[in-house]
Every structure is written in structure tokens, then in C-alpha cells.
J.: 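Pasting in a structure now, in C-alpha cells, and then I'll have a few things to ask.
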Amino acid sequence: MKEDALVTLTGTVDSVIYENEQTGFAVIELETDEELLPVVGVLFGVQAGEELTVTGSYATHPRFGYQFKAEIYERKLPADLSAIQKFLESGAVKGIGPATARRIIETFKEETLLVLEETPFRLKEVKGISEKKAAELAENLRALFSMRQVMMYLTSFGLTPHQSVRVYKKWGSLSLDLVKQNPYLLCDDDVGATFSVADNIAASAGIPPADSRRVFGAICYVLRHNLQNGHTCLGREEVETLGVKLLPELSKESFSIEIDQRLESEELFCLTARRPFLFLPAYYGAERYIALRLNMLLDQGNFPKENADRRIDRAEKALGIRYEALQREAIRTALSSRIMILTGGPGTGKTTTLNGILSLLEEDGLRLSIGAPTGRAAKRISEVTGREAKTIHRLLEVDFSNGEHLTFVHNEKNPLDADAVIIDEMSMVDTLLFEALLRGIKPSCKLILVGDSDQLPSVGAGNVLRDLIDSKKIPVVELKEIFRQAAESLIVLNAHRIVKGEMPDLSKKDNDFFFLRRSRENDVIQTVVDLASKRLPQTYSYSPFSQIQVLSPQRKGSMGVNVLNDALQQRINPPSKDKKEYRGIFCTFREGDKVLQTRNNYDMEWKKGEEVGFGIFNGDIGIILTIDAASSSMLVDFEERICIYPMELTADLELAYAVTVHKSQGSEYDAVILPLFGGYSKLYFRNLLYTAVTRARKLLIIVGSEGKVRAMVENNRKTLRYTGLRHMLRNGDEA
């Protein structure tokens with residue numbers, strides 16, 4: 001049989017070799033008419049003895065040989081007595097073991113499954129099963145059959161097995177009733193079904209086209225989709241227009257009426273700032289909480305400024321440095337204010353200033369906590385301050401007892417034991433994470449936010465740092481002077497030129513900023529690959545795994561990270577008989593590959609020496625150490641945090657020889673290679689170029705077109721984000 005061709009097989013499950021109860025991924029042996037075949041895939045709850053129809057493709061693993069990768073599956077209850085007995089003996093029903101299974105078969109014979117499904121209370125007729133035990137088994141059987149029904153129903157409408165698992169884990173035995181009553185619940189973030197899938201289920205359930213559930217489902221879908229574009233809210237007019245595009249058979253008036261009703265029931269919220277904007281409840285609540293909490297902090301008033309200058313003078317002598325005027329102002333502000341923002345571009349002395357602030361706060365006896373949005377950013381701030389820093393998630397400690405929804409151990413009832421919290425790389429912090437941070441600190445806690453407001457905003461929805469600055473409510477000190485040592489760097493000088501709208505100097509060849517002109521697409525890619533794989537490692541001894549990073553403004557297209565990663569992997573980590581591989585959805589993973597985590601996974605366990613922790617987060621970069629097909633997992637080293645990575649989660653991984661500029665935020669690399677040629681013009685703008693340039697610590701090489709660089713500098717289209725935070729901060733309780 002040709003590999004990759006879609007095939008449908010039917011057989012009986014002989015045994016379940018491996019199953020992950022969290023994700024539903026399993027390895028089974030399926031007995032077909034022709035062979036006993038290893039089958040891998042999301043096969044949630046499948047048990048020995050069941051009849052299974054699987055659709056997928058054959059694959060050959062270099063070590064474990066022939067296997068079948070199931071994409072979708074359909075389950076049928078076992079038909080003959082031997083299969084029924086195997087099914088019951090497998091442990092499919094909690095409380096029924098081999099001996100009890102045999103007695104049940106002897107009692108009910110061919111009627112066994114009918115009894116189990118329709119009249120399970122009759123189990124008390126079986127010798128050795130009491131009335132109480134029969135009631136317990138009946139409850140377990142109801143759960144088993146409801147799970148099967150949910151999986152079969154949802155997959156028949158095109159939900160993936162993985163999505164179906166999420167549905168059952170979220171709503172359990174109520175899943176079918178809830179989904180049939182309102183299929184649009186499936187479009188939320190926990191499940192992630194498309195609107196068209198939900199709409200098909202609605203049609204089959206007889207929900208009319210103009211039904212309130214359908215109209216509201218479309219409104220929520222529009223708002224959720226725009227969260228991915230960074231907007232915490234959207235103009236009411238836009239929501240109505242986009243709603244009609246989604247459901248063209250309905251009028252704008254239908255959406256307007258629905259919006260009014262949902263505003264009344266507080267299933268939507270509206271903020272009027274020049275025009276009305278609509279919010280989903282979570283984001284309205286988050287921005288409102290942030291505004292109220294920060295205004296409360298500001299209302300507490302400042303600390304006395306006495307002796308601040310004398311203390312700064314003493315710090316200068318002790319550290320052997322001299323602060324310039326704005327640095328002194330920043331330190332004074334940090335000492336006297338409940339909250340302050342320290343911002344500035346590269347080479348302006350943010351780190352030196354921050355170290356001065358930290359020293360004086362420690363001198364006052366304050367307990368400090370330092371955080372950053374990503375592991376790389378936390379590691380960097382720890383290195384430059386000489387103090388422990390953690391990701392915000394680790395600082396607040398993820399609470400794993402709350403199932404699917406992200407909550408933290410530290411909240412209003414259990415705040416961090418810190419008198420001052422310092423957060424670096426604030427431009428990366430999104431609305432929901434900042435809300436969680438504020439909920440996790442004491443009302444009296446001092447808050448110092450550090451970041452570069454000219455960088456790209458957060459990947460998640462919101463524009464927190466920019467909103468805080470633009471509100472004019474929070475004390476802000478922006479460092480502007482480039483220090484002499486930094487001024488020797490063309491990276492620093494050109495970064496500041498870009499921010500001012502000036503063309504960077506592309507002519508010099510003897511510093512840390514180089515421009516290599518290429519006029520053809522293939523030449524750009526070839527040059528990038530040569531630089532990363534050969535020229536920079538040979539000239540500077542830089543590692544393409546830990547020190548060199550290729551950045552691109554875009555994911556798709558000829559200059560996107562997908563194409564670049566394929567070319568870079570082929571040169572840096574080519575196929576070898578000594579390296580095992582795994583073919584993922586979007587790429588082939590190979591032992592030794594550099595990979596990037598693309599979404600937060602709070603459940604992933606890792607070990608770092610004797611330390612054990614949880615959580616691999618969006619933007620974390622690791623190296624694949626080993627690939628093990630037997631356990632269907634990989635061993636991945638995320639900067640000394642070693643985790644066993646299940647294969648079914650590889651959709652959350654991608655190759656990382658090249659990453660988007662957005663994904664590089666919060667990180668610095670010794671050498672950055674930036675191809676700029678062609679591409680989608682709307683992705684090429686000034687603060688994206690600035691963010692890319694400031695990722696380079698020692699060396700930056702731009703490869704491509706001078707005209708593309710100029711176009712980016714001249715395109716000062718800031719990343720537009722609709723949010724309500726600035727308005728709420730300014731207007732307080734009136735918001």
C-alpha cells in the first residue's frame with residue numbers, strides 16, 4: 001500500500017499498548033481480516049474487543065517499522081460473545097474485572113450489551129454483584145456510553161478526535177445535550193471549532209437561520225477572531241457588518257437587536273469612546289479591573305522623596321558609575337511612586353538604571369520579585385541584574401486543579417509575598433496576563449514596569465504598555481541619551497534612526513551591522529542559509545542552534561519562516577541514518593532539531609536537575625534530544641528543562657532555525673540574520689523592523705533589497721489595536 005494515501009480499515013481492537021488519558025493519544029493493535037496492525041492516533045477511550053473503523057495512512061518508521069496513523073475513527077460495540085468478553089475484561093468499565101466479566105456473559109449471553117446499555121440495573125442478577133455494586137456499575141456504564149456517543153456524534157460533523165476529547169473533558173455526560181442545544185459553544189477557545197462546523201450541527205439540530213443562538217454565535221465568533229488580531233474590543237458597526245458577511249441571509253438589524261439583548265443580559269459589554277465598542281465579558285472585565293486597580297494604586301499617593309538624591313549619590317560612588325539626568329529622575333520616581341514605567345531604546349542605560357533602582361529598594365528592606373513574559377526574557381534580566389527572575393507564569397504559579405481554565409495560585413486571596421514587583425519586557429504582556437499579575441500582588445505592592453514602547457505589541461490581545469503610557473496617568477520616564485560605549489554600535493545607532501523615520505546606514509562593512517544586497521529571491525535564501533550554516537559559524541564560532549537566529553516578518557510565502565526552516569534544516573541538521581525522525585503535520589522533526597513552542601501548555605512536566613516543574617510556553621525554544629516511536633514521544637531540552645513531549649502535541653511545535661519577528665520578542669541573540677525581499681507589504685512596517693534590529697546583541701545582517709528596508713522605515717503604520725484600557729484609566733468609574 002502506498003504511504004500517505006488515505007485508507008479506511010475495519011477491525012477489532014486486540015490490545016491497547018499505550019494511552020494518554022489527558023490527550024486521548026493511543027497506540028493499539030488492530031486485528032483486521034488480513035493482519036494484526038499497530039495503529040497510532042487520537043483514539044480516546046478505545047478498549048480491547050471494540051470494533052473500530054479507522055481512516056488514515058500507512059507509515060514506516062526506521063526503527064519500529066510498519067504502522068497505521070489514524071486521522072479519524074468510528075467505534076462500534078463488540079458483536080460476538082468473545083469480543084464482548086474481551087471488551088469487559090479489558091477494564092473498559094471501572095469495577096468489572098475478568099472474573100466478573102465472565103459471570104456477566106454467563107448470565108446474559110447475547111443480551112449482554114443490550115443489558116449494559118439500556119438496563120444496567122439488572123447487573124444485580126449476576127452472582128456476586130450486590131444491589132449497591134450494580135448501582136455503581138450502572139453509573140460507570142452511563143459515563144462510558146455517553147463518552148462514546150459524544151465522540152461518534154462530533155467526529156461525524158468534522159471535529160477532530162482531539163477536539164472531541166476536549167468537549168468531553170469540559171462537559172462530560174452533558175456534552176451532547178449542551179452541543180445540540182447550542183452548537184456555537186464549540187467555537188470557544190477551549191474547543192476551537194470553526195463557525196461552519198457549529199453551523200452544520202445547528203442545521204442538523206433544527207435551529208432556524210435567524211435563531212438568537214445562531215446570531216449571537218456569529219457575534220462572538222467575530223469578536224473571538226479579532227482577539228487573534230490583538231483587539232480586545234471591536235466597533236459595534238464593524239461587528240454588525242462582519243456578522244452579515246458571516247451570515248449574509250440576515251440583516252444588520254438582526255444583529256443590532258441581538259447585540260442590544262445581550263448587552264442587557266451582560267453577555268456582551270459596550271464602551272463608548274468616540275463610538276461604541278463591543279467586548280466579550282472576559283476582556284471587558286480584565287481591562288476594567290486593570291484600570292480600577294491601577295487607579296486605586298495611584299490614589300494611595302507617593303512615598304516621601306527625602307534624601308533621594310543623596311542616596312543616589314552614594315549608589316554612584318558604591319557602583320563607580322555616574323547617572324545622567326533622566327536616569328536619576330527614573331530612580332527618584334521609582335523610589336517615590338507606587339507604580340512607574342521605565343522605557344527607552346537600546347543603549348540608553350535601562351539596565352544600569354534598573355540595577356540602581358533594585359539596589360536602593362533592597363537597601364530599604366523591600367522584598368523584590370522580578371518577572372518577564374518569557375523564559376528567555378526572564379533569563380536575560382536575571383543575567384543583567386544578578387538577581388533571580390522568573391516568568392510571570394512561574395511567579396504567579398499555575399493552578400492545575402482548575403481543569404481547562406488557566407488560573408494561578410497567587411491571587412487576591414493569596415498574593416505574592418513581595419513588596420515590589422518588577423516586570424521587564426512589558427511590551428510583550430497582554431491584557432489577560434497583566435490582569436492576573438495585578439490580582440496576584442498585594443494592594444500596597446510597588447510596581448515597576450520596564451519596556452520599549454517602540455517594539456511590537458504582545459502576541460496576545462491588548463496593547464497594555466502603550467495604553468498605560470498614552471493614558472498620561474502613570475508616571476513614565478523615557479531614557480533618550482545613547483551612552484558613548486553603545487554609540488559605537490551601528491546596531492544601536494541604526495535602531496534609533498529607524499525609530500525616528502531615518503534610513504539606517506547600510507554602507508559600512510566594519511562594524512556590527514551589515515547589509516548584503518541581493519536582487520533575486522533564490523539568492524536571498526541561499527545567502528541566508530550559507531550565513532547561518534557555514535559563514536558565521538566559521539568566522540565567529542557562533543552556533544546555529546544557540547547563538548544565530550534567522551528572523552522573518554512573515555510566516556508564509558517565499559521569504560516566510562516555513563520555507564526558510566526547510567532550507568536551513570536541510571543544511572544545518574540534514575537527514576542521517578543515525579538520527580530518528582517523526583513526520584508531523586507541518587514538517588519533519590529530526591533528532592537534533594531546533595524547535596519552537598507555539599502555544600502555552602501549562603500541563604507539560606519538565607525536569608531541571610532535581611527540580612520538577614510544569615509549563616512550556618509560547619516562544620520557548622528547545623532542542624530535540626531523542627525520538628522514541630515506541631512511547632510515541634520525544635525528549636526535548638527547553639534550555640535545561642527536559643520534558644517528555646508526546647507526539648500528539650507536535651502540532652504545537654515548529655522548527656526554529658527561522659522564527660517570525662513577533663515570536664522573537666523578549667529574546668536577544670548574538671547574531672541575527674534578517675531577509676527583507678518581496679513579501680506582503682502590510683507586514684513590513686517600521687516598528688517591526690525596529691524590533692528585529694534590537695534582537696541582535698553583537699551582529700546583525702540584513703539580506704535583500706535596500707528598497708524594502710526604505711519602505712519599512714517610511715511605513716509608520718503602528719500596529720493598530722482596539723482596546724478600552726486607555727479610556728478606562730482616564731475616566732475611572734465612568735468607564
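We're numbering straight along the sequence, starting at 1. What you see below is based on every heavy atom in this structure, not just the backbone, and it leaves out hydrogens, waters and symmetry mates. Given the structure is predicted, the values throughout are model-derived calculations rather than measurements.
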J.: Give, for atom NZ of K446 and atom CE of M340, the distance between the pair rounded to the nearest 0.5 Å.
T.: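 With rounding to 0.5 Å, NZ (K446) is 9.0 Å from CE (M340).
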J.: Within the side chain of T343, is there an N or O that forms a donor-acceptor pair under 3.5 Å with the backbone of G451?
T.: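 Such a contact is found between T343 side chain and G451 backbone.
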J.: If we ignore hydrogens and angles and just use 3.5 Å, is the side chain of S382 paired with the main-chain N or O of K379 as donor and acceptor?
T.: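 No, the answer is negative, given that no donor and acceptor are paired below the 3.5 Å cut-off.
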J.: Any idea how Y722 and H231 line up, ring-wise: parallel (<30°), tilted (30 to 60°), or perpendicular (>60°)?
T.: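 Y722 and H231: tilted rings.
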J.: What are the two closest heavy atoms between T385 and N355, and how far apart are they?
T.: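 Smallest interatomic distance, heavy atoms only, reads CA-OD1, 3.2 Å.
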J.: To the nearest 0.5 Å, what is the distance between OG (S552) and CG (L674)?
T.: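 Rounded to the nearest 0.5 Å, the OG-CG separation comes to 7.5 Å.
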J.: Could you tell me whether the side chain of P475 reaches within less than 4.5 Å of the side chain of L298, counting heavy atoms only?
T.: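 They are in contact (side-chain heavy atoms under 4.5 Å apart), so the answer is yes.
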J.: Do the ring centers of H393 and F408 come within less than 6.0 Å of each other?
T.: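 Aromatic pair counts; centres sit under 6.0 Å.
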J.: Would you check if L456 and L688 make a side-chain contact, meaning some heavy-atom pair closer than 4.5 Å?
T.: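 Yes, side chains in contact.
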J.: Under 4.5 Å between any side-chain heavy atoms of L326 and E481, yes or no?
T.: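 Not in contact.
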J.: Closer than 4.0 angstrom, basic N to acidic O: yes or no for D530 and R535?
T.: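 Salt bridge between D530 and R535, a charged N being under 4.0 Å from a carboxylate O: no.
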J.: For Q300 and S444, test the side chains for any donor-to-acceptor distance below 3.5 angstrom and give the result as yes or no.
T.: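 On atom types as modelled, these side chains do not qualify, holding no pair under 3.5 Å.
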J.: Please determine whether the number of non-hydrogen atoms from other residues, nucleotides or ligands lying under 6.0 Å from atom CE of M296 exceeds 12.
T.: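 No, CE of M296 has 12 or fewer neighbouring heavy atoms, counting only those of other groups under 6.0 Å.
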J.: For R695, is there an ion pair with E668 - N to carboxylate O distance below 4.0 angstrom?
T.: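 Salt bridge flag = no for R695 with E668.
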J.: By side chain to side chain contact (heavy atoms under 4.5 Å, CB included), which residues pair with K608, not counting sequence neighbours?
T.: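 So K608 forms a side chain to side chain contact (heavy atoms under 4.5 Å, CB included) with W606, E611, E640, R641.
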J.: Can a cation-pi geometry be assigned to R439 and Y289, taking NZ or CZ under 6.0 Å from the six-membered ring centre and within 45° of the ring axis?
T.: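 Positive - R439 is close enough to the ring of Y289 and near enough to its axis.
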J.: With rounding to the nearest 0.5 angstrom, report the CD to CD distance, Q327 to E324.
T.: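 Q327 CD to E324 CD: 4.5 Å, rounded to 0.5 Å.
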J.: Taking the side chain from R686 and the backbone from V713, do they hold a donor-acceptor pair closer than 3.5 Å?
T.: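 Confirmed, R686 side chain pairs with V713 backbone.
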J.: What do the steps show when you test Q455 against T691 for side-chain hydrogen bond (donor to acceptor under 3.5 Å, both in side chains), and what is the final call?
T.: CA-CA 5 Å; Q455 288 186 21; T691 301; 4.9 Å; no
J.: Testing the basics here: between T598 and K663, what is the closest heavy-atom pair and its distance to 0.1 Å?
T.: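 Answer, listing the atom of T598 first, then K663: O-NZ, 3.5 Å.
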J.: Could you tell me which non-hydrogen atom of G724 sits nearest to which non-hydrogen atom of E287, and how far apart they are?
T.: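 Closest pair (atom of G724, atom of E287, distance): N-OE1, 2.7 Å.
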J.: Any donor and acceptor pair, going by atom type alone, linking the side chain of D620 with main-chain N or O of Q597 inside 3.5 Å?
T.: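 No, the answer is negative, given that no donor and acceptor are paired below the 3.5 Å cut-off.
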J.: For K534, look at atom NZ and say whether over 12 heavy atoms of other residues, nucleotides or ligands are found less than 6.0 Å away.
T.: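 No.
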J.: State whether a side-chain donor-acceptor pair under 3.5 Å links T431 with E435.
T.: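 There is no such pair (donor and acceptor under 3.5 Å, judged by atom type) between the side chains of T431 and E435.
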J.: Is the number of heavy atoms from other residues, nucleotides or ligands within 6.0 Å of CD (E388) greater than 12?
T.: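 It does not: E388 CD has 12 such atoms or fewer within range.
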J.: Under the criterion side-chain contact (heavy atoms from CB on, under 4.5 Å), I'd like the reasoning laid out for V477 against I341: C-alpha separation, chi angles, the key distance, then a yes or no.
T.: CA-CA 6 Å; V477 178; I341 295 172; over 6 Å; no
J.: Do N414 and N411 pass the side-chain contact (heavy atoms from CB on, under 4.5 Å) test, and can you show the C-alpha distance, the side-chain angles, and the key distance before you say yes or no?
T.: CA-CA 5 Å; N414 180 32; N411 51 36; 3.9 Å; yes
J.: Check whether any side-chain N or O of N565 sits under 3.5 Å from a backbone N or O of A658 as a donor-acceptor pair, and report yes or no.
T.: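 Yes, because the side chain of N565 sits within donor-acceptor range (under 3.5 Å) of the backbone of A658.
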J.: Does the distance from a Lys or Arg side-chain N to an Asp or Glu carboxylate O, for D512 and K698, drop under 4.0 Å?
T.: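 Result for this pair is no, no salt bridge flagged.
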J.: Would you indicate whether the side-chain heavy atoms of D452 and S427 approach each other to under 4.5 Å?
T.: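 No, too far: nothing below the 4.5 Å cut-off.
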J.: Checking the side chain of E329 only, and the main-chain atoms of A325 only, is there a donor and an acceptor separated by less than 3.5 Å?
T.: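 Between the backbone of A325 and the side chain of E329 there is no qualifying donor-acceptor contact (under 3.5 Å).
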J.: Check the pair N687 / D454 against side-chain contact (heavy atoms from CB on, under 4.5 Å), numbers first and verdict last.
T.: CA-CA 6 Å; N687 67 335; D454 289 313; 5.6 Å; no
J.: Can you list the steps and then say if Q549 with K594 is a side-chain hydrogen bond (donor to acceptor under 3.5 Å, both in side chains)?
T.: CA-CA 11 Å; Q549 187 61 59; K594 180 180 179 180; 2.8 Å; yes
J.: Less than 4.5 Å apart, side chain to side chain, heavy atoms only: is that true for T353 and I331?
T.: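 When only atoms from C-beta onward are counted, I331 and T353 do touch, with a gap below 4.5 Å.
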J.: Starting from the C-alpha separation in whole Å, work towards a yes-or-no answer on side-chain hydrogen bond (donor to acceptor under 3.5 Å, both in side chains) for Y684 and Q554.
T.: CA-CA 9 Å; Y684 287 72; Q554 62 193 69; 3.0 Å; yes
J.: At what distance, to the nearest 0.5 angstrom, does OH of Y284 lie from SG of C233?
T.: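 It is 11.0 Å, given to the nearest 0.5 Å.
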J.: Are the side chains of I290 and L438 in contact, using a 4.5 Å heavy-atom criterion?
T.: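 They are in contact (side-chain heavy atoms under 4.5 Å apart), so the answer is yes.
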J.: Tell me every residue that passes side chain to side chain contact (heavy atoms under 4.5 Å, CB included) with R517, counting only those two or more places apart in sequence or in another chain.
T.: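 In terms of side chain to side chain contact (heavy atoms under 4.5 Å, CB included), with neighbours along the sequence ignored, R517 is linked to F515, E706.
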J.: Start with the C-alpha gap between I621 and R376, add the side-chain angles, then the distance that decides, and say whether side-chain contact (heavy atoms from CB on, under 4.5 Å) holds.
T.: CA-CA 9 Å; I621 286 181; R376 280 180 166 258; 4.0 Å; yes
J.: How long is the straight-line distance from NZ of K472 back to CZ of R726, given to the nearest 0.5 Å?
T.: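 R726 atom CZ to K472 atom NZ measures 9.5 Å (nearest 0.5 Å).
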J.: Does Q547 reach the main-chain N or O of D670 with its side chain, forming a donor-acceptor pair under 3.5 Å?
T.: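 A pair under 3.5 Å: no.
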J.: I'd like to know if the side chain of N511 and the backbone of L490 have a donor-acceptor N/O pair within less than 3.5 Å.
T.: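 Flag set: sc N511 to bb L490 pair under 3.5 Å.
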J.: Give me the atom names and distance for the closest heavy-atom approach of S369 to A418.
T.: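 Smallest interatomic distance, heavy atoms only, reads OG-CB, 3.5 Å.
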J.: Do N463 and T723 get their side chains close enough for a donor-acceptor pair, meaning under 3.5 Å?
T.: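 Their side chains do not contain a donor-acceptor pair, so the 3.5 Å distance test is not met.
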J.: As a quick check of understanding, evaluate side-chain hydrogen bond (donor to acceptor under 3.5 Å, both in side chains) for R730 and S471, giving each step before the final call.
T.: CA-CA 6 Å; R730 286 176 173 172; S471 74; 5.9 Å; no
J.: I'd like to know if the side chain of R466 and the backbone of P457 have a donor-acceptor N/O pair within less than 3.5 Å.
T.: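 No, the answer is negative, given that no donor and acceptor are paired below the 3.5 Å cut-off.
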J.: Is there any salt bridge (charged side-chain N to carboxylate O under 4.0 Å, His left out) pair reaching into residues 354-369, and which pairs are they, with sequence neighbours excluded?
T.: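 The answer is R311-E363, R311-D364, R314-E363, E362-R387, R367-D417, R367-D419.
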J.: Distance check, rounded to the nearest 0.5 Å: L531 atom CG versus L568 atom CG?
T.: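 If we round to the nearest 0.5 Å, L531:CG and L568:CG are 10.0 Å apart.
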J.: Looking only at non-hydrogen atoms, find the nearest pair between M728 and A291 and report the distance.
T.: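 Heavy atoms only, the tightest pair is CB-CB, 3.6 Å.
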J.: Would you say that Y657 contacts V550 through its side chain, given a criterion of any heavy-atom pair below 4.5 Å between the two side chains?
T.: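 They are not in side-chain contact.
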J.: Counting C-beta onward and ignoring hydrogens, is there a side-chain heavy-atom pair between H496 and P346 closer than 4.5 Å?
T.: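 They are in contact (side-chain heavy atoms under 4.5 Å apart), so the answer is yes.
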J.: In terms of side-chain geometry, is the basic nitrogen of D424 or R380 positioned less than 4.0 Å from the acidic oxygen of its partner?
T.: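 Yes, charged N to carboxylate O under 4.0 Å.
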J.: Does K508 count as lying over the ring of F513, i.e. NZ or CZ under 6.0 Å from the six-ring centre, within 45 degrees of the axis?
T.: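 No, K508 and F513 do not form such a contact.
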J.: Do the side chain of K390 and the main chain of L395 share a donor and acceptor less than 3.5 angstrom apart?
T.: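 Absent.
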J.: At their closest point, which heavy atom of L360 faces which heavy atom of A315, and how far apart are they?
T.: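 In terms of heavy atoms, the two residues are closest at CD2-CB, 4.4 Å.
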